[in-house]
Amino acid sequence: MPELPEVETSRAGIAPHLQGQSISRLVVRRPRLRWPIPADLAARLEGQRVLAVHRRGKYLLIEVAAGAALLHLGMSGSVRILPRGTPAGKHDHVDLELESGQMLRLTDPRRFGALLWQGADEVHPLLASLGPEPLSEAFDAEYLVRCCKGRRGTIKALIMDSHVVVGVGNIYANEALYLAGIDPRRAAGRIAAQRLACLTAAIKSVLARAIEQGGTTLRDFVGGDGKPGYFAQQLNVYGRAGAPCPGCGTILQEVRLAQRSTVYCKACQK
DNA sequence: CTAAGGACCTGTCGGC
DNA sequence: TGCCGACAGGTCCTTA
């Protein structure tokens with residue numbers, strides 16, 4: 001479910017409910033996610049006050065004085081604020097209970113998500129090698145050009161690589177390449193710098209707009225406050241194979257790149 | 001080092 | 001109606 005806009009929407013939804021609250025209890029119902037939830041996580045969090053809820057890439061960081069709980073939503077994860085004591089369903093893994101009487105509940109049917117611990121003076125290995133935030137100044141045309149230099153793999157795979165830039169998943173990679181007029185199958189190292197500058201701008205613009213709209217509603221996605229996102233209405237290519245290109249009317253093509261569904265307009269994207 | 005493919009899970013949908 | 005395979009928002013790890 002979640003790409004960067006969905007994770008940011010979740011962060012904004014849950015942060016006001018968590019910030020400043022003391023954690024009264026961590027209930028781990030099903031510890032098996034992508035990696036097991038650390039057995040000592042409850043002891044680290046209970047009694048601590050939440051200082052802030054930050055986001056790095058697609059990770060949420062629930063920060064307390066001693067460190068942070070790292071939360072990744074994987075493909076199917078979601079978080080919700082609920083009254084404490086709400087009956088748990090089959091895929092509800094964890095409840096973070098707060099003194100307010102509310103709790104943060106993590107649900108993740110496919111279990112590709114993760115809940116880990118990072119001490120205050122360390123950077124978790126999973127975060128250590130991440131690329132820049134796409135909406136930051138560090139991610140600019142010059143940087144992307146440098147990343148593409150000599151790369152023979154496809155441009156789509158490159159922008160989806162979290163070591164290059166974080167937060168660009170399959171939906172927004174398709175959309176950004178459409179906006180920039182670049183064929184997703186092109187070798188990254190064979191695209192002119194000026195066109196990569198367009199792509200940089202397209203990535204920023206599509207992500208920023210999606211965040212404004214509260215993310216993209218796909219199947220069961222809801223943000224932290226339970227409101228669905230509205231970006232789906234603005235998708236140009238993702239999920240539209242066989243339909244006409246919004247720009248020129250040519251039928252949109254679908255191919256598989258790196259095992260991911262890839263939709264593009266053969267007339268508009270070169 | 002790069003690039004490609006498999007792996008991890010469950011739910012849903014379309015086709016027969 | 002029922003079963004079976006294909007596919008889904010991610011990304012780490014292994015292999016070549």
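Lettering follows sequence order; numbering is per chain, from 1.
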* Between Q259(A) and F112(A), just flag the one whose closest nucleotide in DNA chain B comes earlier from the 5' side. => Q259(A)

* Structure fact -> Rounded to whole Å, CG of L71(A) lies from P of dG10(C) at a distance of 15 Å

* Answer yes or no: side-chain N or O of R111(A) and base N or O of dC9(B) forming a donor-acceptor pair under 3.5 Å. => no

* Under-4.0 Å side-chain N/O to phosphate OP1/OP2 contact, R152(A) with dT2(B) -> no

* Asked: For F112(A), which residues count as a ring-ring contact (aromatic ring centres under 6.0 Å, His included) partner, sequence neighbours excluded?
  -> none

* Rounded to whole angstrom units, what separation is found between the CZ atom of R55(A) and the P atom of dG10(C)? -> 14 Å

* Is the distance from OP1 or OP2 of dC7(C) to the nearest side-chain N or O of S261(A) less than 4.0 Å? -> no

* **P gap between dA6(C) and dG6(B), integer Å** => 14 Å

* **Mate of dG10(C) where both pairing distances stay under 3.5 Å, Watson-Crick or G-U** => dC8(B)

* Inspect the surroundings of CD in E99(A) and state if more than 12 heavy atoms from other residues, nucleotides or ligands are less than 6.0 Å away. => yes

* Please state how far atom CD in E254(A) lies from atom C1' in dC7(C), giving the value in whole angstrom units. => 10 Å

* Just by protein heavy atoms under 4.0 Å, how would nucleotides 11-16 of chain C read 5' to 3' in B, S and -? -> BB----

* To do: Check whether any side-chain N or O of K90(A) sits under 4.0 Å from OP1 or OP2 of dT10(B), and answer yes or no.
  => no

* Would R209(A) and Q234(A) count as having a side-chain donor-acceptor pair, cut-off 3.5 Å? -> yes

* Asked: Expressed as a whole number of Å, how far does the P atom of dG5(B) sit from that of dC7(C)?
  -> 15 Å

* Take atom CZ of R110(A) and atom P of dC7(C), then tell me their distance rounded to the nearest Å. => 13 Å

* To do: Can you tell me the distance, in whole Å, between the NE2 atom of H91(A) and the P atom of dC9(B)?
  => 14 Å

* Structure fact -> Partner of N174(A) under side chain to side chain contact (heavy atoms under 4.5 Å, CB included), picked from V237(A), L257(A), L179(A), is V237(A)

* Structure fact -> From NZ of K156(A) across to C1' of dA3(B) the rounded distance in Å is 16 Å

* **K90(A) backbone acceptor or donor facing R30(A) side chain under 3.5 Å** => yes

* To do: Using atom CD of E6(A) as one end and atom C1' of dA8(C) as the other, report the distance to the nearest whole Å.
  => 14 Å

* To do: Measure from the side-chain N and O atoms of R34(A) to the backbone N and O of R111(A), and report whether any donor-acceptor pair falls under 3.5 Å.
  => no

* **Closest-nucleotide ordering on DNA chain B, the 5'-leading residue of R32(A) and R151(A)** => R151(A)

* Indicate whether OP1 or OP2 belonging to dA4(B) is found under 4.0 Å from a side-chain N or O atom of R256(A). => no

* Asked: Under a 3.5 Å cut-off for both distances, is dG2(C) Watson-Crick or wobble paired, and to whom?
  -> dC16(B)

* Length of the line joining L257(A):CG and dG5(B):P, which is rounded to integer Å -> 11 Å

* Asked: Side chain of E6(A), backbone of E3(A): donor and acceptor closer than 3.5 Å?
  -> yes

* Hey, which of D108(A), D92(A), D95(A) is the one that makes salt bridge (charged side-chain N to carboxylate O under 4.0 Å, His left out) with R29(A)? -> D95(A)

